[in-house]
Protein chains: 2
Amino acid sequence: MVQSSKKIQGVPEPTIRRMPSYLAFAEGLLRKGQQFVSSTQIANYMNIDPTQVTKDLSYTSIVGKTRVGYEVKALVDVLSEFLGFTIMDNAFLVGAGSLGSALLHDSGLSHFGLNIVAAFDVNSSTIGKKFNDIEVFHIDQFRDLSQEMNVVMGIITVPAENAQTVADLMVAWGIKAIWNFTPARIKVPEDIIVQNTTLYSNLAIIFNKLHNDRKEVQ
Amino acid sequence: MVQSSKKIQGVPEPTIRRMPSYLAFAEGLLRKGQQFVSSTQIANYMNIDPTQVTKDLSYTSIVGKTRVGYEVKALVDVLSEFLGFTIMDNAFLVGAGSLGSALLHDSGLSHFGLNIVAAFDVNSSTIGKKFNDIEVFHIDQFRDLSQEMNVVMGIITVPAENAQTVADLMVAWGIKAIWNFTPARIKVPEDIIVQNTTLYSNLAIIFNKLHNDRKEVQ
DNA sequence: AATCATTAAAGAAATTTTTCTTTAATGAAA
DNA sequence: TTTCATTAAAGAAAAATTTCTTTAATGATT
């Protein structure tokens, strides 16, 4: 048993995964001018059980009104706040290839509280370029820049074989959280937060359903 | 209770999610020439419990050897096969923006059994372009092309507000599975497989850890 | 050859997450 | 004003997933 930071029995991860979709739905309703939304309505949109929705929302401070539902505006505010989308965190991105530059272009990230302040690469053809106003520097400049900016997150979008090297660099320069887009698993000190996001996991799930259906359903 | 296709108690989704990383690790060992790998070694790499690894692998046909582990080559083959990465499926991608074109550029997808045969958009500046040899057509041509090619999967990388329209189009032209990269949830007939992949869920999880750490750990 | 330590595998136990059930509230309809 | 149907919320039950425990096998060491 590891005696370190006992995960303080927080919000279930599946709940957190669902919340951004609740938020996206609520934002849509807000734009359309709808004032209240019921758990049933949200559940119908999400294709899940209504009690799942109320349970998920019970982790936030919002209180619903019987026979009416949740106030849409309040829901948007509470979820944005709860998900940490209202706090701006600065990030560095390493690996300005196709996936990396797609992330740089995604203004959704800054809308949700992630401010990518600089990108790094080793490929001289991309260095100096700007994507969505974010400049690409040579990886050697990582040190100078991480000092002067308040950067808490590192995004890894390099080839899998270089993921560990980049992670080590990020840790060395005081980054607190790493968002790893490679299928490689990185080793970091235990106080560093790592989130692995791999497309291939999703591909595996969809294939599993697709190929099983071919076999098992009449 | 819905009386339809009772999910035939398959492999747990968390297991399937982990498998691509086992595969990536095994492929690395194979390249390095390592012949056997133990669950302990895999678990150490993944930062999970070793019994989790053996349990996960027990869903495949591989059998380990006491005091030795699993044969690396066999592990690669069994996992690739199990995950459906050896079967080639054809796909259409709709929305050749930054995320869409990043996917078109990702040769990892074709390595893992996904063959994107064409892309579609409405933006005249991208139509006619080729990304990684995949041509971008106007969405109106979707029909003609889906007829002649054997396309089973549709990938949605348009803005969230257009997701449903695109999904309807895909369903109309006989697509079996949809990989939805927008935070919007789409409504499709129940025999269509949908996999939602939203970056913001992952962002929410990492923020949750990051911001909680700030608060709760001494 | 005998012992030891490491491992896979199977099943039990614990934990986590989801679904079900009950209760109380209240807007709308009669 | 009364009844009805819909809803949120809380807690119980069920289901799913992970972790723990035991067993048996076997390569390495003595």
Student: Under a 3.5 Å cutoff on both atom distances, Watson-Crick or G-U, what's the dot-bracket for DNA chain C ([ ] crossing, | other strand)?
Tutor: ||||||||||||||||||||||||||||||
Student: Can you tell me how far C1' of C:dT16 sits from CZ of A:Arg17, to the nearest Å?
Tutor: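 About 15 Å, once rounded to whole Å.
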Student: Please list residues of residues 33-57 of chain A whose heavy atoms come under 4.0 Å from any atom in DNA chain D, ordered by number; otherwise none.
Tutor: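 Residues of residues 33-57 of chain A that come under 4.0 Å of DNA chain D are, in numerical order, A:Ser38, A:Ser39, A:Thr40, A:Lys55.
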Student: Might you point out which heavy atoms bring A:Ser98 and B:Ala102 nearest each other, and give the distance in Å?
Tutor: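 Distance-wise, the nearest heavy atoms are O-CB, 3.4 Å.
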Student: With rounding to the nearest 0.5 Å, note down the distance linking CG in A:Asp89 to CG in A:Leu109.
Tutor: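 Here the rounded value is 12.0 Å.
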Student: Looking only at heavy atoms, which two atoms of B:Val72 and B:Leu29 are closest? And how far apart?
Tutor: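 The pair with the smallest heavy-atom distance is CG1-CB, 4.1 Å.
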Student: Scan residues 32-60 of chain B for pairs that pass ring-ring contact (aromatic ring centres under 6.0 Å, His included), counting only residues two or more places apart or in two chains.
Tutor: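 For residues 32-60 of chain B, and leaving out neighbouring residues, the ring-ring contact (aromatic ring centres under 6.0 Å, His included) pairs sorted by first residue read B:Phe25-B:Tyr45.
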Student: In residues 195-204 of chain A, which residues come under 4.0 Å of DNA chain D by heavy atom?
Tutor: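 The answer is none.
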Student: Which heavy-atom pair separates B:Gly108 from B:Asp106 by the least distance, and what is that distance?
Tutor: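 Answer, listing the atom of B:Gly108 first, then B:Asp106: N-OD1, 2.7 Å.
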Student: Does B:Tyr200 have any ring-ring contact (aromatic ring centres under 6.0 Å, His included) partners at least two apart in sequence or in another chain, and if so, which?
Tutor: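 Result, ring-ring contact (aromatic ring centres under 6.0 Å, His included) vs B:Tyr200: A:Phe112.
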Student: Look at the side-chain N and O atoms of B:Arg18 and state whether any lies under 4.0 Å from the OP1 or OP2 oxygen of D:dT18.
Tutor: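 So the side-chain polar atoms of B:Arg18 do come within 4.0 Å of the phosphate oxygens OP1 or OP2 of D:dT18, strictly under.
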Student: Contact list please: residues 64-73 of chain A against DNA chain D, heavy atoms, distance less than 4.0 Å, in numerical order.
Tutor: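 Listed by number, they are A:Gly64, A:Lys65, A:Thr66, A:Arg67, A:Gly69, A:Tyr70.
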Student: Rounded to whole angstroms, how far apart are OH on A:Tyr59 and P on D:dA10?
Tutor: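 Nearest whole value for this atom pair: 12 Å.
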